**Student:** 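Structure provided below as structure tokens; questions to follow.
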Amino acid sequence: MGFLDIDNTTKSYGAVEVLHKVDISVEEGEFLVLVGPSGCGKSTLLNMIAGLEDITSGEIRIKDKVMNGVHPSRRNIAMVFQSYALYPNMTVGQNITFGLEMHGTPKPAREKAMKDVAELLQIEQLLDRKPGALSGGQRQRVAMGRALVRDPDVFLFDEPLSNLDAKLRVDMRTEIKKLHQKLGTTIVYVTHDQIEAMTLSTRIAVMYGGYVQQLGTPQEIYDSPANVFVATFMGSPAMNVVPAKVALKAGKPVANVALHDGSTVSLPFSQNNLAAWDGRDIMLGIRPETITDEDAADRKSTNIARMTNRIEVTEPAGSDTFVTMTLGGTDVIARMRSDADVRPGADFPFAVNMEKAVAFDPETEMRIAP
Amino acid sequence: MSVATQDTAIRTGRVARTLIYLVLLLFALFYLLPLYVMVVNSVKPLNEITGGGMMNLPQVFTLEPWAKAWSSAQIGVEPTGLQPYFWNSIKMVVPAVAISTVLGALNGYVLTKWRFRGDTILFGLMLFACFIPFQIVLIPMARMLGLMGMAGTTQGLVLVHVVYGIGFTTLYFRNYYAVFPTELIRAAQIDGAGFFQIFWRILLPSSGPIAVVSIIWQFTNIWNDFLFGASFAGANSQPMTVALNNLVQASHGVKEYNVHFAGAILAALPTLLVYIVAGRYFVRGLMAGSVKG
């Protein structure tokens, strides 16, 4: 069994089930990110781990101890809230030690723990201030200090960066990652930001509609999404999902996709089992960065397909230029080098790395396993 | 052209403003008039009042009516002045205000942060208490106090005022705590704080403005209450308002208007004082719940 086990856990409000049989096992030192759009149940699951919400059925265990019905303060967890939830009437120092005080830690030990944490987070000079006098980033640090000082088994983060401005968010993200590498603590982290999920986690649980859609390492989630939802939710810009028809060319499966002018291009699959889908419709998933110009195509790839298509819109973003075209009747985005010679309205020879392409069953929206 | 228009605009502005201030000043004077009459007449000898000229400033300045009203005026049958009744009022008001405010805060805390099935209905019923006229409860309350052996005592009056005040104090605190972030309560729970620890350490220290509102409201209402005082108080627990009535309504001897005026001011002084000390927090507290969120 793992360090933190979420075992067949469900949550209902009255007759409405909002979480359906969640099954996740977290190892010690893991950084698990729960990611999904609002209302997917990720915060509810976190609150259930924290003990702030009841568990309707199933079990949550920390270090093999069943936590159902155990008071939040006795689970040896610490939580960082979206609003930081610093006690406004107490100084930073008192905020950090309040939990220890409530657990009956003697004062000298509290002071020492506070000093250590303040040093770790570089907030020593703030200890006598009130939260109202702190900036967003400083509050964030204090909130983490309050969690760290208790030396808990599991850290819970509830969208801790969403109240910060864009630049600070990136800085704090790195800081959280550093902290995790340094301390090796077990973390469960909730966010709706897929970039946070990718960058921070050792494993990701993508949630939607109260179901865990996929649980895996960031690489697995990105390269082998379990279904169309995961494919389009993770990654920015989202994965292009294009209607296509499977055909056989010299015994090998290809995807026939309509270009902007209605003519068809055949993109050969690397996945041979798709031959079984001959003549049937599928949804073809192509990441924007796998559609490039010839020169930028992945040299290690063994399956680069070519197609010439009309460029409709170009969006220079500094490091890259995003190119929009029509493929299979929908808008498809390609991520090009910023120096690629792309002009709206021009026909351009694209290189598609079909090794990275994935296929989905249009009826179930599940990925067709290789 | 445009300059001329602007010029006129400013001039009309000035005229309008002068008019507004003039009207405001008139109203202010009109409202201050009774206070003027009370103060002026309370420092005059009686013959200056009975000789007419209520509005005149005193020819002879004397504080004797004040001294008399405080310590030797005839109240009912005893020439005690208002002094003992003043202390009766204090003994009634202080615990009644304190208890009703603390209970209101606790109720507000439970109704917003420890919600339970039917809590909105319960709150609705408590709100209802704010609209029950005093007269309706007089007889049942008298019976209750009698059954509890508290008839005619200060404790009885405290109980009545606490019961009557809880509706208001609960309303204040509930609305104030409704916008108090629930994440703070959850953080405190994870930190290991219990029900009362959260209340005392987290919630109450942040409740200054609304506590002031509750205290001023309760103090003014309880101090100024006449009906409950007249109905439920015994000879030794009559509050200031009842004593003032007895002083002014005395049907024998000469009517000492100057003493009456002094007594009336004495009776009004504590509430005035509370307003002056905490008045600005009153408005701030009333606004706090409504603006935020």
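Within every chain, numbering begins at 1; the chains are lettered A, B, ... in the order of the sequence lines, protein sequences first and strands thereafter. Here the structure is a predicted model, which means the values were calculated and not measured.
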**Student:** Might you confirm whether atom CG of A/D116 has over 12 heavy atoms from other residues, nucleotides or ligands at distances under 6.0 Å?
**Tutor:**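 Buried by this count: over 12 neighbours within 6.0 Å.
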**Student:** Can a donor-acceptor pair be found, under 3.5 Å and without considering hydrogens, that links the side chain of B/Q189 to the backbone of A/L52?
**Tutor:** no
**Student:** Is it the backbone or the side chain of A/Q82 that comes under 4.5 Å from a heavy atom of chain B, or both, or neither?
**Tutor:**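 When you check distances to chain B, atoms from both the backbone and side chain of A/Q82 fall under 4.5 Å.
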**Student:** Is there side-chain contact between A/F81 and B/I190, with heavy atoms separated by less than 4.5 Å?
**Tutor:**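 The answer is yes, as the side chains (C-beta and beyond) meet within the 4.5 Å cut-off.
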**Student:** So, for A/P88 and B/S206, which heavy atoms are closest and what is the spacing to 0.1 Å?
**Tutor:** CG-OG, 3.9 Å
**Student:** Take atom CE in A/M172; do more than 12 heavy atoms of anything else shown fall under 6.0 Å from it?
**Tutor:**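 Buried by this count: over 12 neighbours within 6.0 Å.
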**Student:** A/P72 versus B/D191: any side-chain heavy-atom pair under 4.5 Å?
**Tutor:** no
**Student:** So which atom in A/L86 and which in B/L184 form the shortest heavy-atom distance, rounded to 0.1 Å?
**Tutor:**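 Of all heavy-atom pairs spanning A/L86 and B/L184, the closest is O-CD2, 3.1 Å.
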**Student:** Answer with side chain, backbone, both or neither: which region of A/L100 has an atom nearer than 4.5 Å to a non-hydrogen atom of chain B?
**Tutor:** neither
**Student:** Answer yes or no: are there more than 12 heavy-atom neighbours, outside A/E111 itself, under 6.0 Å from its atom CD?
**Tutor:** yes
**Student:** With a 3.5 Å distance limit and no angle check, can you tell me whether A/Y87 reaches the backbone of B/L203 through a side-chain donor-acceptor pair?
**Tutor:** no
**Student:** Under 6.0 Å from the NZ atom of A/K112, do we count more than 12 heavy atoms belonging to anything else shown?
**Tutor:** no
**Student:** Give a yes or no on this: more than 12 heavy atoms of other residues, nucleotides or ligands lie within 6.0 Å of atom CG of A/D128.
**Tutor:** no
**Student:** Please round to the nearest 0.5 Å and tell me the distance separating atom CD of B/Q197 and atom CD of A/E101.
**Tutor:** 8.0 Å
**Student:** Decide if atom CZ of B/F116 counts as having more than 12 heavy atoms of other residues, nucleotides or ligands within a radius under 6.0 Å.
**Tutor:** yes
**Student:** Can you confirm whether more than 12 heavy atoms, excluding those of B/N236, are under 6.0 Å from its CG atom?
**Tutor:**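 No, not enclosed.
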**Student:** Can you find a pair of side-chain heavy atoms, one from A/F98 and one from B/R201, that are under 4.5 Å apart?
**Tutor:** yes
